[in-house]
Amino acid sequence: MKVLKDQQQRLQTELLAWGNQHRRALPWRETRDPFLVLVAEVMLTQTQVSRVATIFPSFVQRFPTIAVLADAPIQELLALWSGLGYNRRALRLRECARSIHNQHQGLVPDDYRVLRSLPGIGPYIANAILAQAFNHRVSALDTNTRRVLLRAFFGTLEQTRELQRKADELVPAGQIWTWTQAVFDLGATICRPQPACAVCPLQEGCLFQGRGDDPHKTPRRQSTFEGSHRQLRGRVIAAFAQGVTTKAELARHIGLSDSAFDQVYNELAQEGFFEPNTT
DNA sequence: AATGCGGGGTG
DNA sequence: CACCCAGCATT
């Protein structure tokens, strides 16, 4: 037992040192503003770091605070979101800002339960905000960091709840932000699904040692995008974001004025994509 | 537990 | 063309 703890501490020290040497320079790492961290984490759900890095700066320049985002015109919101995909995230992010603005004194909550109650914030984003913006000793567990910790530190498959507890204990009290970035960076550059163990700073003492399969379960396959419903939604929203705002104009712009367009339009309207600003 | 949600990048 | 990607909400 003690041996295991000592080993974990060695790995922890190695990972922290490596992280400080190899930290990726990313726009959202230049701030600890809870609001900006929140925006970055929402953008990063199922969307590559490289793409978020190109869009995050202009987005937060236009919507730099809770109050400003809460009043964002949806058309402009979607225009600045363009390129990130999963457009409903943008709507939920705006709703989240409104909720914080109206019910939480305009301050991002520093409590897990309260964060989870906000639209678009699940277990991962709640912990990511708490760790990076509020210095809480919790682990931001996504597929990336889960893989790293399971491989190097725990070795066996754990239940979600138990893994979260152990991962939280692994966060060094004095270097929470640094630790969080180090785990992300190792997972993104070395401890990938196909890992580069030969150049890994944890190769001595890692429980994985290149053996076995990726502990992360293989994700579902997504149906072909070309010709899909999702693509059609994307085209309608892209046109709307560029200023084609009426239903008739959108129908003409998309090029199918039949019931197929009607269905997609109504679906998007139902989700709130065309709503005017109602404060 | 399973499904829908975007779309650009890579091999 | 298949597969990948800092999840969440809904059913």
Side-chain angles (χ1 to χ4, degrees), chain A residues 19 23-29 36-56 77-96 99 112 115-133 138-150 159-160 164 167 177 179-195 214 216-241 263-264 267-268 270-273:
Chain A
R23 184 170 308 132
R24 292 173 294 171
L26 300 169
W28 51 93
R29 288 181 171 179
L36 300 182
V37 172
L38 163 61
V39 172
E41 294 301 339
V42 171
M43 288 183 170
L44 284 163
T45 62
Q46 297 289 287
T47 304
Q48 293 90 330
V49 167
S50 59
R51 255 198 292 170
V52 175
T54 66
I55 290 173
F56 176 84
L77 178 78
L78 293 171
L80 284 170
W81 194 265
S82 173
L84 289 175
Y86 290 130
N87 297 294
R88 55 171 64 150
R89 286 181 303 171
L91 299 186
R92 293 209 180 105
L93 179 59
R94 178 171 171 274
E95 286 309 306
C96 181
S99 176
Y112 181 82
L115 283 169
R116 284 298 315 278
S117 76
L118 296 171
I121 298 191
Y124 163 73
I125 294 182
N127 282 327
I129 291 171
L130 290 173
Q132 300 180 96
V138 295
S139 177
L141 280 180
D142 63 356
T143 62
N144 196 12
T145 56
R146 185 174 294 116
R147 181 181 61 243
V148 172
L149 296 184
L150 283 174
Q159 294 298 321
T160 301
Q164 181 72 57
W177 187 90
W179 171 257
T180 304
Q181 314 313 320
V183 178
F184 276 139
D185 286 340
L186 189 76
T189 62
I190 293 179
C191 196
R192 297 163 297 178
Q194 299 300 323
D214 183 353
H216 169 53
K217 65 179 181 190
T218 57
R220 305 173 259 120
R221 269 185 51 205
Q222 188 175 102
S223 54
T224 307
F225 182 64
E226 191 63 30
S228 67
H229 185 67
R230 294 150 64 104
Q231 185 186 40
L232 184 52
R233 284 172 58 104
R235 286 175 58 203
V236 174
I237 291 169
F240 177 74
Q263 186 183 344
V264 173
E267 176 187 297
L268 292 172
Q270 179 69 28
E271 292 182 41
F273 279 98

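Below, chains carry the letters A, B, ... as their sequence lines are ordered, and counting in each starts from 1.
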Between [X] ([atom1]) and [N] ([atom2]), how many Å, whole number?
X	N	atom1	atom2	value
A/Leu93	C/dG7	CG	P	16 Å
A/Tyr86	B/dT3	OH	P	15 Å
A/Leu38	C/dA6	CG	P	19 Å
A/Arg88	B/dT3	CZ	P	16 Å
A/Phe273	B/dG4	CZ	P	17 Å
A/Arg230	B/dC5	CZ	C1'	5 Å
A/His229	B/dC5	NE2	C1'	9 Å
A/Ile129	C/dG7	CD1	P	14 Å

(message) In the structure I gave you, are the side-chain heavy atoms of A/Leu78 and A/Asn87 within less than 4.5 Å of one another anywhere?
(response)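 Yes. Closest side-chain heavy atoms under 4.5 Å.
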Polar atom pairs (N or O), protein with nucleotides 8-11 of chain B, under 3.5 Å:
| from | atom 1 | to | atom 2 | distance (Å) |
| --- | --- | --- | --- | --- |
| B/dG8 | N2 | A/Gln48 | NE2 | 2.5 |

(request) Sticking with atom P, work out how far B/dG6 lies from C/dT10, rounded to a whole angstrom. (result)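 About 15 Å, rounded to a whole number of Å.
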(message) Using the C1' atom as the point on both nucleotides, what is the distance between C/dA6 and B/dG11, in whole Å?
(response)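 Approximately 23 Å lies between the C1' atom of B/dG11 and that of C/dA6.
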Which nucleotide in the list [options] gets nearest to the side chain of [X]?
X	options	result
A/Arg24	C/dA6, B/dC5, C/dG7	C/dA6
A/Pro123	C/dA6, C/dA2, C/dC8	C/dC8
A/Pro193	C/dG7, C/dA2, C/dC5	C/dC5
A/Thr143	B/dG4, C/dG7, B/dG7	C/dG7
A/Arg233	B/dC5, C/dA2, B/dG7	B/dC5
A/Gln46	B/dC5, C/dG7, C/dA6	C/dG7
A/Arg92	C/dA9, B/dG6, C/dC5	C/dA9

(request) Start with the C-alpha gap between A/Phe184 and A/Val49, add the side-chain angles, then the distance that decides, and say whether side-chain contact (heavy atoms from CB on, under 4.5 Å) holds. (result) CA-CA 11 Å; A/Phe184 276 139; A/Val49 167; over 6 Å; no
(request) Return yes if the base of B/dG6 and the side-chain atoms of A/Thr47 contain a donor-acceptor N/O pair under 3.5 Å, otherwise no. (result)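 Yes.
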(request) Only counting residues at least two apart or in another chain, list the ones meeting salt bridge (Lys or Arg N to Asp or Glu O under 4.0 Å) with A/Glu267. (result)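 Scan of A/Glu267 (salt bridge (Lys or Arg N to Asp or Glu O under 4.0 Å), adjacent residues dropped) gives A/Arg233.
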(request) Would you mind classifying the nucleic acid contact of A/Arg89 as base, sugar-phosphate or nothing, using non-hydrogen atoms under 4.0 angstrom? (result)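 It contacts nothing in the nucleic acid.
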(message) Please classify the nucleic acid contact of A/Trp81 as base, sugar-phosphate, or nothing, using heavy-atom distances under 4.0 Å.
(response)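 Here A/Trp81 touches no strand at all.
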(request) Let me know, please, whether A/Ile121 or A/Leu44 comes out on the 5' side of the other along DNA chain C by nearest nucleotide. (result)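 So the residue in question is A/Leu44.
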(request) Could you check A/Pro119 against A/Asp185 and say which one's nearest nucleotide on DNA chain C is further toward the 5' end? (result)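 Between the two, 5'-proximity favours A/Asp185.
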(request) Determine whether the side chains of A/Arg24 and A/Thr189 contain a donor N or O and an acceptor N or O closer than 3.5 Å. (result)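 No, because no side-chain N or O of A/Arg24 sits under 3.5 Å from a partner of the opposite role on A/Thr189.
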Looking only at non-hydrogen atoms, find the nearest pair between [X] and [Y] and report the distance.
X	Y	answer
A/Cys96	A/Ile121	SG-CD1, 3.9 Å
A/Pro27	A/Ala53	CG-O, 3.8 Å
A/Ile55	A/Leu80	CG2-O, 3.4 Å

(message) Show, in sequence, the C-alpha distance, side-chain angles and deciding distance for A/Trp28 and A/Val52, and conclude whether the side-chain contact (heavy atoms from CB on, under 4.5 Å) test is met.
(response) CA-CA 10 Å; A/Trp28 51 93; A/Val52 175; 3.6 Å; yes
